[in-house]
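All ligand and atom numbering here is 1-based and tracks the order in the structure. Values in this document were obtained by computation on a predicted structure and should not be read as measured data.
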Amino acid sequence: MSNLLNLLEKIYQTNDLTYKEITYLLENITNEDREVLYNYALKTKQAYYGDKVYLRGLIEFSNICRQDCLYCGIRASNAKVERYRLTPEEIIGCCDQGYELGYRTFVLQSGEDLWYTEEILVALIQEIKKRYPEVAITLSIGERRVETYQSLFASGADRFLMRHETASKELYETLHPTMRFDDRRACLSALKEIGYQVGAGFMVGLPGQTPADLAEDLRYLMELRPDMIGIGPFIPHSETPLGTEKGGTIKDTLVMVALARLLIPESLIPATTALGTLHPQGRELALKAGANVVMPIITPTSVRKQYALYENKICGDDHPEDCRYCIERRIQAAGF
Ligand code: 5AD
């Protein structure tokens with residue numbers, strides 16, 4: 001048996017690999033090995049979660065951002081984006097519609113937009129919880145003060161998504177001129193400490209990212225043990241400094257999804273919109289490689305296209321109900 005098949009067998013049996021072993025695996029994996037890996041990841045997912053796929057309704061409520069991440073289409077320096085901000089009333093309207101469509105988790109995501117003060121967010125969360133006591137509220141609003149995280153949690157927010165983006169300090173600081181690697185990690189630790197269910201994650205195929213960097217991403221996640229892990233390919237956006245770089249591939253991203261499933265087997269792993277953008281069956285392939293969550297967009301159609309973190313994002317002309325039923329059909333057709 002090849003070295004690589006031994007490693008795959010080991011990861012399947014023990015849910016563990018060293019940094020060196022992961023790096024070796026990423027550098028040497030063949031197409032045949034990939035199929036074995038996806039299959040092990042699928043079996044592991046099924047052992048933990050069966051055939052269930054969890055749906056979370058995604059509300060992209062503002063594309064205004066104070067940060068300037070080199071890869072991101074809504075970075076502060078991109079003067080070509082038409083900016084928008086949904087009012088709290090409009091956000092609640094999205095929740096009403098999402099609730100009708102059957103969603104019981106809402107992900108409130110935005111750029112880092114301080115117009116939504118702690119007070120505004122607290123009132124919003126309380127109102128959603130008052131209307132729908134059984135829903136889970138997930139925030140994805142970036143870096144804030146620990147005290148703010150605390151009061152948002154106290155007002156009813158249950159979960160928080162904040163990708164670590166890359167576990168390489170050097171790469172992180174190159175890509176995020178307005179942010180600090182240590183701050184990001186401190187936010188993630190604080191969120192966990194406060195009691196949020198936390199989602200971390202990273203992009204695959206960033207310019208300059210190496211197999212060793214990706215191994216580091218997985219080792220970091222094994223340490224942090226987040227409840228959710230979001231992994232997507234980097235997709236260049238022409239109005240950013242990385243607009244002419246190469247993007248991540250579907251294959252490399254699926255390998256990372258499968259490895260995350262095997263190394264952090266109890267985690268929730270979304271089949272990301274970025275994967276669906278790269279390949280017509282990208283999300284289905286992710287479900288077959290260990291992912292078990294989908295986050296259909298319930299942002300109003302009128303502003304959807306303006307939330308372009310990357311180009312050609314899918315579902316831009318769709319309405320929330322289109323995405324709801326499209327995803328159900330896709331999940332069932334994929335056998336889940
Ligand atoms: N390509 C792929 N993913 C991106 N994100 C931001 N910009 C891009 C891009 N150009 C991801 C980041 C962020 C998440 C909301 O979207 O990982 O955390």
Side-chain angles (χ1 to χ4, degrees), residues 56 58-78 80-81 107-113 138-144 159-168 171-172 174-179 181 183-185 187-188 191 198-209 213-214 217 220-221 226 228-250 252-254 256-257 260 269-279 282-283 286 293 295 297 299 304-315:
R56 278 80 171 94
L58 177 62
I59 305 169
E60 299 150 324
F61 67 90
S62 164
N63 69 350
I64 296 175
C65 192
R66 65 183 166 133
Q67 304 293 2
D68 215 21
C69 313
L70 296 192
Y71 47 80
C72 185
I74 65 166
R75 65 201 299 266
S77 299
N78 184 2
K80 295 222 175 133
V81 207
V107 181
L108 306 187
Q109 187 177 91
S110 67
E112 289 202 13
D113 182 357
T138 304
L139 299 175
S140 180
I141 59 171
E143 298 186 17
R144 297 269 179 146
R159 308 178 183 154
F160 205 107
L161 307 183
M162 177 183 287
R163 290 191 181 170
H164 66 276
E165 311 296 0
T166 171
S168 155
L171 186 56
Y172 186 94
T174 310
L175 294 172
H176 304 95
T178 53
M179 298 166 90
F181 181 79
D183 291 347
R184 196 70 167 181
R185 296 224 162 170
C187 283
L188 280 162
L191 289 164
V198 168
F202 58 97
M203 282 173 283
V204 179
L206 290 163
Q209 191 178 41
D213 293 335
L214 291 167
D217 282 311
Y220 171 63
L221 292 169
M228 185 180 268
I229 299 174
I231 302 174
F234 158 62
I235 304 177
H237 186 297
S238 59
E239 296 299 331
T240 66
L242 304 182
T244 59
E245 297 286 340
K246 265 177 52 192
T249 66
I250 181 105
D252 290 346
T253 310
L254 292 173
M256 298 311 292
V257 166
I269 302 182
T272 53
T273 308
L275 264 170
T277 298
L278 217 54
H279 187 287
R283 287 171 299 177
V293 176
M295 296 188 183
I297 301 172
T299 310
R304 272 184 188 216
K305 284 202 176 122
Q306 288 153 250
Y307 199 81
L309 310 184
Y310 45 85
E311 278 160 335
N312 307 315
K313 192 167 145 222
I314 49 174
C315 313

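- Using a 4.5 Å cut-off on side-chain heavy atoms (C-beta onward), N78 and H237 make contact.
- In this pair, Y220 and H164 present their aromatic rings perpendicular. The plane angle is above 60°, beyond the 30 to 60° band.
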Output, or 'none' if empty, a list of ligand 1-protein atom pairs in which both atoms are N or O and the distance is under 3.5 Å, rounded to 0.1 Å.
residue  : atom   : partner : partner atom : Å
ligand 1 : 1 (N)  : I235    : N            : 2.9
ligand 1 : 1 (N)  : I235    : O            : 3.4
ligand 1 : 10 (N) : Y71     : O            : 2.9
ligand 1 : 10 (N) : I235    : O            : 2.8
ligand 1 : 10 (N) : L309    : O            : 3.3
ligand 1 : 17 (O) : R163    : NH1          : 2.9
ligand 1 : 17 (O) : E165    : OE1          : 2.5
ligand 1 : 18 (O) : E165    : OE1          : 3.4
ligand 1 : 18 (O) : E165    : OE2          : 2.6

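- At least one donor-acceptor pair under 3.5 Å links the side chain of T299 to the backbone N or O of E60.
- Residues passing the side-chain contact (heavy atoms from CB on, under 4.5 Å) test with T277, sequence neighbours excluded: I235, T273, Y310, N312, K313, I314.
- The side chain to side chain contact (heavy atoms under 4.5 Å, CB included) with P233 is formed by just one residue from the set I250, L275, D252, L206; it is L275.
- A donor-acceptor pair under 3.5 Å links the side-chain atoms of E311 to the main chain of S238, judged by distance alone.
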